[in-house]
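The structure appears right after this line, and notes come after that.
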Amino acid sequence: MISIQTEDFDTASEYTALRDSGAGTGAIATFTGLVRDHGDTQDVSGLFLEHYPGMTEQVIAGLIEEASRRWDVRKARVIHRVGRLLLREQIVFVGVCSAHRADAFAACEFIMDALKTSAPFWKKELAEDGEHWVEQKASDVARGEAWDK
Amino acid sequence: MISIQTEDFDTASEYTALRDSGAGTGAIATFTGLVRDHGDTQDVSGLFLEHYPGMTEQVIAGLIEEASRRWDVRKARVIHRVGRLLLREQIVFVGVCSAHRADAFAACEFIMDALKTSAPFWKKELAEDGEHWVEQKASDVARGEAWDK
Amino acid sequence: MTEQTLTVRFFARLREELGTEQLTMPANEEQTAGDLLAELASRGGPWAQLQGSQPVMIAINQAMVKPAAVVKAGDEVAFFPPVTGG
Amino acid sequence: MTEQTLTVRFFARLREELGTEQLTMPANEEQTAGDLLAELASRGGPWAQLQGSQPVMIAINQAMVKPAAVVKAGDEVAFFPPVTGG
């Protein structure tokens, strides 16, 4: 299940839903991304997140499908916030429930890495001296490509 | 922080504590292991977990230290239950809070993998036809060793 | 005869710098996304950056494509900077 | 002269099959964990498995060691099957 939303999310209820994934569940891996309180520049007070409605959901659904082909995935959940976010707020949640821990870890990390390079979200940092768009990191591109090997 | 306990644990409060790790926190990775409802044999009704008190805590503290040398780890939390556990109950929780997602994932998975091959816990499956000790899996040994490369 | 058109959308930094969120363009035969990009860049001013040093990503009907991908009448074509979510 | 001893502990399947959780043994000079294991195995019966085909893991004072590790008076030596937690 995929949610793109301006509201915050509750990881506790997400975990409960993942855990209730029927027979054979043995492993739940989750990842939560937060707005770090010092970004690429100083004096950042928050972020603004823009996305491409419709395409975002399609891309993430494709990533979950690919993860499910490559690993045992009983349930996967992705939440990504958009709009204005303050420092330390939650941005993104990826949770995967699997029979085995290796699959849970791999699928969760794959979805998160691939999301960073293929899902149409853009971050703008809001600072005292104005706003500026965040540039894509080469390390993120490299991590995304590593899964193709 | 490390807890070895017979009681169940609440991942929600663990997540809240991890999230409250001070400045620079950007990524939280968690893993929860559950008792799968079909184990190595059929008709398993639950597990009994034995451990070596004292040594267990020392080994896990060493794993957290090693993870903290290898990756950015702001906070790490390990909970492992012992005693009698029913099917679908939570067994183990590993949570890592970091500045960056790659570090959070790596440290969390490393601690979990290494725990499986070096922390003195032993599982016994409780079945209708009696009890039997679980054998160590070659795949777990291989995963543990892979981190040394 | 109905005029054949396609929709072009811009996001993030491009949307802001071009001052344009969406526009409608005539759809030509055998036109690629790269051709569209060149046509828009030829408007000059901020539009020139569409063929500048900064990479521009392209989606047709909400799926990522290369510049060689063919665009047809009715398509939704989007141009945007490399993504930075998560 | 105080007798020099060491504590030996068993866990999990070994604890059950040997019917022994803990015992006290005399500490000899220049003795290794492997020597202790051989001495215990020589008791025969279920004890023979300590040198059988199943691997036995060893800890001295709660740290994992190889059979060649030296044990001294006062040490806590533990023997147990490969671990299966998590």
Side-chain angles (χ1 to χ4, degrees), chain B residues 4 31-36 39-40 47-63 78-83 85 90-94 108-125 130-141 143-144, chain D residues 5-25 32-34 36-37 40-41 45-86:
Chain B
I4 314 297
F31 177 84
T32 313
L34 309 175
V35 183
R36 261 191 302 151
D40 292 350
L47 292 180
F48 176 80
L49 268 139
E50 179 172 333
H51 79 304
Y52 186 166
M55 179 172 169
T56 319
E57 291 83 347
Q58 282 187 50
V59 168
I60 296 172
L63 298 179
V78 175
I79 308 173
H80 203 298
R81 291 178 67 195
V82 291
L85 298 181
Q90 300 180 131
I91 308 175
V92 60
F93 175 84
V94 177
C108 184
E109 193 167 9
F110 164 78
I111 292 170
M112 189 59 220
D113 281 355
L115 183 154
K116 287 208 81 115
T117 56
S118 66
F121 292 103
W122 300 274
K123 264 183 205 148
K124 182 193 263 181
E125 287 185 340
E131 310 175 345
H132 71 277
W133 292 99
V134 174
E135 303 269 328
Q136 193 174 47
K137 292 193 182 81
S139 59
D140 284 336
V141 175
R143 282 181 65 81
Chain D
T5 62
L6 44 79
T7 303
V8 181
R9 300 178 70 174
F10 303 96
F11 289 94
R13 184 179 46 73
L14 283 182
R15 176 181 55 71
E16 283 188 352
E17 293 180 6
L18 303 178
T20 305
E21 196 168 314
Q22 185 166 322
L23 48 79
T24 302
M25 291 177 74
T32 67
L36 260 190
L37 210 52
L40 289 164
W47 298 89
Q49 71 179 291
L50 292 174
Q51 288 198 310
S53 56
Q54 304 241 50
V56 174
M57 295 176 87
I58 308 165
I60 298 180
N61 300 327
Q62 309 195 348
M64 219 83 90
V65 297
K66 310 243 173 201
V70 172
V71 296
K72 302 183 308 293
D75 280 353
E76 174 176 300
V77 184
F79 298 114
F80 45 79
V83 305
T84 54

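Chain identifiers are assigned alphabetically (A, B, ...) following the order of the sequence lines, protein sequences preceding nucleic acid strands; residue numbering begins at 1 within each chain.
Per-residue heavy-atom pair counts under 4.5 Å with chain D were compared for B/Phe31, B/Phe121, B/Phe48, B/Trp122, and the maximum is reached by B/Trp122. For the set B/Arg81, B/Met112, B/Gln58, the entry with the most heavy-atom pairs within less than 4.5 Å of chain D is B/Gln58.
Proximity to chain B is limited to the side chain of D/Ala59, based on heavy atoms less than 4.5 angstrom apart.
Counting heavy atoms from C-beta on, the side chains of B/His132 and D/Arg13 never come closer than 4.5 Å.
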Check residues 69-86 of chain D and write down every donor-acceptor pair under 3.5 Å in which the side-chain atom is one partner and the other belongs to a residue at least two apart or another chain.
from    : atom 1 : to       : atom 2 : distance (Å)
D/Asp75 : OD1    : D/Asn61  : ND2    : 3.0
D/Asp75 : OD2    : D/Lys72  : N      : 2.7
D/Glu76 : OE2    : B/Tyr52  : OH     : 2.3
D/Glu76 : OE2    : D/Arg9   : NH1    : 3.3
D/Glu76 : OE2    : D/Gln62  : NE2    : 3.3
D/Thr84 : OG1    : B/Lys123 : N      : 2.9

